[in-house]
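The structure appears right after this line, and notes come after that.
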Amino acid sequence: MARINKISITLCALLFTSLSFTPLSHASEQARSSASQKSHQGKSADRKKKTKTTAKTSTKKKTSTLKQKAPAKSSKLKTSSSKTTASRHAHSSALKTAAVKTVQKCTVHKGHKKCVTEEVKPLTLADAHKGRVQKAQKTAMNKLMNQIGKPYRWGGTSPRTGFDCSGLVYYAYKDLVKFHIPRTANEMYHLRDARSIDRSELESGDLVFFRTRGRGTADHVGVYVGNGKFIQSPRSGQDIQITSLSEDYWIRHYVGARRVMTPKTIR
């Protein structure tokens with residue numbers, strides 16, 4: 001019995017010790033796991049901080065490099081623009097110098113020859129157009145002036161037969177302008193290709209219109225020749241003549257003027 005009691009006592013002691021150490025082992029394992037988690041969290045936080053700092057430093061470096069490159073680009077653009085402007089100025093000056101020509105004119109007086117060099121500038125486009133219009137005006141005026149004294153002829157359009165008022169205008173301009181010249185004064189007045197002109201702006205070659213019989217807007221037409229006068233073929237029984245626009249009869253019946261010869265309309 002004594003042995004049985006000893007064995008039971010030892011078994012109880014072993015059970016007691018095993019029960020007392022198991023919670024301690026569990027607690028130590030939990031502590032170890034929590035410590036490892038804390039260390040892992042600390043390491044991840046440190047890594048995040050490091051990545052943030054590296055990102056900030058990289059962005060700062062990029063902005064600084066961009067700022068350094070920007071003035072370099074602007075300086076390059078400025079130098080290129082200055083070069084282009086200088087080349088343009090040089091090209092224009094070269095064209096101007098090439099455009100100006102010198103001509104030597106010599107005169108002989110009492111056996112002595114005297115020569116003078118003069119600069120001759122070429123005609124511009126506006127001058128060329130103006131010259132073409134003036135040439136066409138001169139041609140029309142010559143054709144008209146050669147008909148002074150010819151008889152009035154209703155429906156006439158040639159020097160051989162004579163002219164009526166619109167026939168005289170048709171004869172003078174039919175070969176000088178690009179559009180068709182109509183055969184009546186009223187159609188000429190409403191011509192789309194002709195430009196309306198104030199009386200104060202009249203030039204040689206402009207058409208002047210009158211309403212003498214109350215038929216249509218205009219029933220009589222002449223050609224302005226300058227100095228307040230116009231050439232016309234008046235009526236049956238009279239010859240082609242130059243008349244003053246300031247006469248009372250023509251002032252009362254005047255309705256307007258049209259310009260048929262412009263740089264766009266002449267051939």
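The shown structure was predicted, so the numbers you read here are calculated from the model rather than taken from an experiment. For reference, positions follow the sequence shown, starting with 1.
Separation of atoms CG (L207) and CD1 (I197) is listed at 10.5 Å; rounding is to 0.5 Å. Here N227 contributes atom CG and I242 contributes atom CD1; the two are 10.0 Å apart, rounded to the nearest 0.5 Å. Residue Q134 holds its CD atom at 9.0 Å from CD of E203, rounded to the nearest 0.5 Å.
Looking at T265, its side chain does come within 3.5 Å of a backbone N or O of V260 through a donor-acceptor pair. No side-chain donor-acceptor contact under 3.5 Å links T161 to the backbone of G156.
Cluster membership for Y170 and L176, using ILVMFWY side-chain heavy atoms within less than 4.5 angstrom, is shared. Hydrophobic clustering places V177 together with L168 (ILVMFWY residues linked when any side-chain heavy atoms are closer than 4.5 Å, directly or through intermediates). Note on V208 and Y249: same hydrophobic cluster, where clusters join Ile, Leu, Val, Met, Phe, Trp and Tyr whose side-chain heavy atoms are under 4.5 Å apart, directly or indirectly.
Here the side chains of I240 and Q232 are not in contact, with every heavy-atom distance at 4.5 Å or above.
R183 and S166 form a side-chain donor-acceptor contact under 3.5 Å, judged by distance and modelled atom types alone. A donor-acceptor pair shorter than 3.5 Å can be found between the side chains of T184 and E187.
Taking a 6.0 Å sphere around NZ of K264, one finds it holds 12 or fewer heavy atoms contributed by other residues, nucleotides or ligands. R153 CZ: 12 or fewer foreign heavy atoms inside a 6.0 Å radius. Other residues, nucleotides and ligands place no more than 12 heavy atoms under 6.0 Å from the CZ atom of R213.
Under the ring-ring contact (aromatic ring centres under 6.0 Å, His included) test applied with F230, the options F210, Y254, Y224 reduce to a single match, F210. The only member of R195, R258, R199, R259 that meets side-chain hydrogen bond (donor to acceptor under 3.5 Å, both in side chains) when paired with D206 is R259.
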For residues 135-149, please give each side-chain donor-acceptor pair under 3.5 Å, one per line with the distance, not counting sequence neighbours.
| from | atom 1 | to | atom 2 | distance (Å) |
| --- | --- | --- | --- | --- |
| Q137 | NE2 | S204 | O | 3.3 |
| T139 | OG1 | K135 | O | 3.0 |
| N142 | ND2 | K138 | O | 3.2 |
| K143 | NZ | Y171 | O | 2.9 |
| N146 | ND2 | N142 | O | 2.9 |
| Q147 | OE1 | K150 | NZ | 2.9 |
| Q147 | NE2 | K143 | O | 3.2 |

